[in-house]
2 protein chains.
Amino acid sequence: MQMKTGVEQSVYAILILNMLPDKAVLPGEAISQQLGASPTYFQKLLRKLVSADLITSVPGVKGGFKLKKKPEDIRVYDIYLAVEGQQSLYSSSGVFLGMFDVEESSCLLTNLMEEAELSWKSVLKSETVASLFEELNENYQPKVQLLHEWIKEKMVL
Amino acid sequence: MQMKTGVEQSVYAILILNMLPDKAVLPGEAISQQLGASPTYFQKLLRKLVSADLITSVPGVKGGFKLKKKPEDIRVYDIYLAVEGQQSLYSSSGVFLGMFDVEESSCLLTNLMEEAELSWKSVLKSETVASLFEELNENYQPKVQLLHEWIKEKMVL
DNA sequence: CTAACGTGGATAATTATTATCCATGTTAGT
DNA sequence: ACTAACATGGATAATAATTATCCACGTTAG
């Protein structure tokens with residue numbers, strides 16, 4: 001039971017997009033390169049972020065991706081949800097239904113597990129891209145500068 | 001990202017063992033049969049519960065499994081931990097280290113994810129086998145009676 | 001019209017999870 | 001002793017989830 005690495009990659013991708021100047025756009029391949037991720041699979045991740053309305057895509061020669069929302073309006077939770085999907089961490093396997101032949105779709109554990117998941121999610125809702133970025137700036141300024149320069153090279157428009 | 005079904009099965013297995021009279025023992029195959037689980041794989045799960053000191057095993061002809069702790073001392077969390085292992089829900093993939101070539105083992109997300117996981121776990125710690133069993137009795141009395149009779153048939157010693 | 005980009009579907013590779021098999025050790029009953 | 005019923009533990013296979021690749025297609029700047 002591990003979170004997909006795609007969630008982490010997506011968070012950093014969005015953190016990068018957050019550094020883009022207004023109107024600029026960054027090609028998917030550049031981002032995947034910066035993250036050291038597989039380009040083709042990463043493109044799929046970006047699609048999920050587009051579908052979730054977190055980023056927008058621009059096709060064509062000078063195309064790429066950029067944020068659709070303000071960083072303070074993108075929670076880590078939103079990225080998690082976009083990549084992992086809405087299915088819950090726990091889904092009853094039917095053991096309970098089998099043993100007690102009940103009609104319900106819930107089992108003895110459902111309530112507890114839902115509560116646990118809500119609790120987990122609520123923490124992910126407490127941090128936004130803006131707050132993450134702030135933390136990044138505070139602790140890794142020099143590296144962030146390098147990133148900025150790299151972005152100037154790679155961005156288009 | 002889904003919890004292993006083994007966790008659910010283990011919870012119900014322990015709930016069954018909780019209904020055993022003192023000194024009695026229930027063979028692994030009987031339990032797996034009641035749960036509709038694969039007998040061989042289920043035996044592995046039971047081993048994990050033994051290793052975690054939640055249940056004890058008795059080898060030999062009249063052998064089987066029984067609880068090692070009192071139901072109020074077994075938290076759902078303990079079962080989760082026994083089956084899922086101690087590895088965390090999130091483990092940094094190294095994207096951060098690659099981008100910022102930092103030496104640390106933690107990344108920007110580590111703190112948040114740890115907090116989220118603790119929060120999730122704390123809910124699992126709030127419910128015990130005793131409290132689950134109480135809920136079971138309150139809502140499914142007739143079925144629990146049937147289970148009790150089945151146990152009388154299958155138990156040994 | 002072409003080159004650089006995103007889209008979306010099919011499919012393969014990899015990894016995690018679930019399941020099976022088998023040889024071995026233990027114990028009750030004969 | 002011997003046997004039958006159980007647990008143990010290692011090796012390995014089957015299945016499912018995740019990650020990765022490929023390719024045909026649509027869009028747009030030059």
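Atom CD of A/Glu84 has more than 12 neighbouring heavy atoms from other residues, nucleotides or ligands inside a 6.0 Å radius. Heavy-atom contacts from other residues, nucleotides or ligands closer than 6.0 Å to CD of A/Glu29 number 12 or fewer. More than 12 heavy atoms of other residues, nucleotides or ligands lie within 6.0 Å of CD in B/Glu138, so this atom counts as buried by the packing criterion.
Between B/Met19 atom CE and B/Leu147 atom CG the span is 4.5 Å, to the nearest 0.5 Å. Here the CG atom belonging to A/Leu136 is positioned 4.5 Å from the CZ atom belonging to B/Phe100, to the nearest 0.5 angstrom.
A heavy-atom distance below 4.5 Å is found between the side chains of B/Leu89 and B/Met1.
Mapped onto DNA chain C by nearest heavy atom, B/Val61 and A/Val61 fall at different nucleotides, with A/Val61 at the one closer to the 5' end.
Rounded to whole Å, atom P of D/dT8 lies 11 Å from atom CG of B/Leu49. We find that CG of B/Leu45 is positioned 13 Å from P of D/dT8, with the value rounded to whole Å. One interatomic measurement links the two molecules: CG of A/Leu157 to C1' of D/dA29, which rounds to 10 Å at whole-angstrom precision.
Put simply, A/Arg47 has a side-chain N or O that comes within less than 4.0 Å of OP1 or OP2 on C/dG8. In terms of phosphate contacts, A/Ser57 brings a side-chain nitrogen or oxygen within less than 4.0 Å of OP1 or OP2 of C/dT7. Considering only side-chain N and O atoms, A/Lys62 lies nowhere under 4.0 angstrom from the phosphate OP1 or OP2 of C/dC5.
Screening residues 142-157 of chain B for side chain to side chain donor-acceptor pair (under 3.5 Å) gives A/Asp101-B/Lys143 as the qualifying pairs, with residues at least two apart or on separate chains.
Checking each of B/Thr56, B/Asp73, B/Asp53 against B/Lys68 for a side chain to side chain donor-acceptor pair (under 3.5 Å) leaves exactly one that passes, namely B/Asp53.
Within the 4.0 angstrom heavy-atom criterion, only backbone atoms of the sugar-phosphate kind lie near A/Val58; the bases stay farther away.
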Mark up nucleotides 14-26 of chain D, 5' to 3', with B wherever a protein heavy atom is under 4.0 angstrom from a base atom, S wherever such an atom reaches only the sugar-phosphate, and - elsewhere. ----SBBB----B
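Shown for residues 12-31 of chain A: no residue has heavy atoms falling under 4.0 angstrom of DNA chain D.
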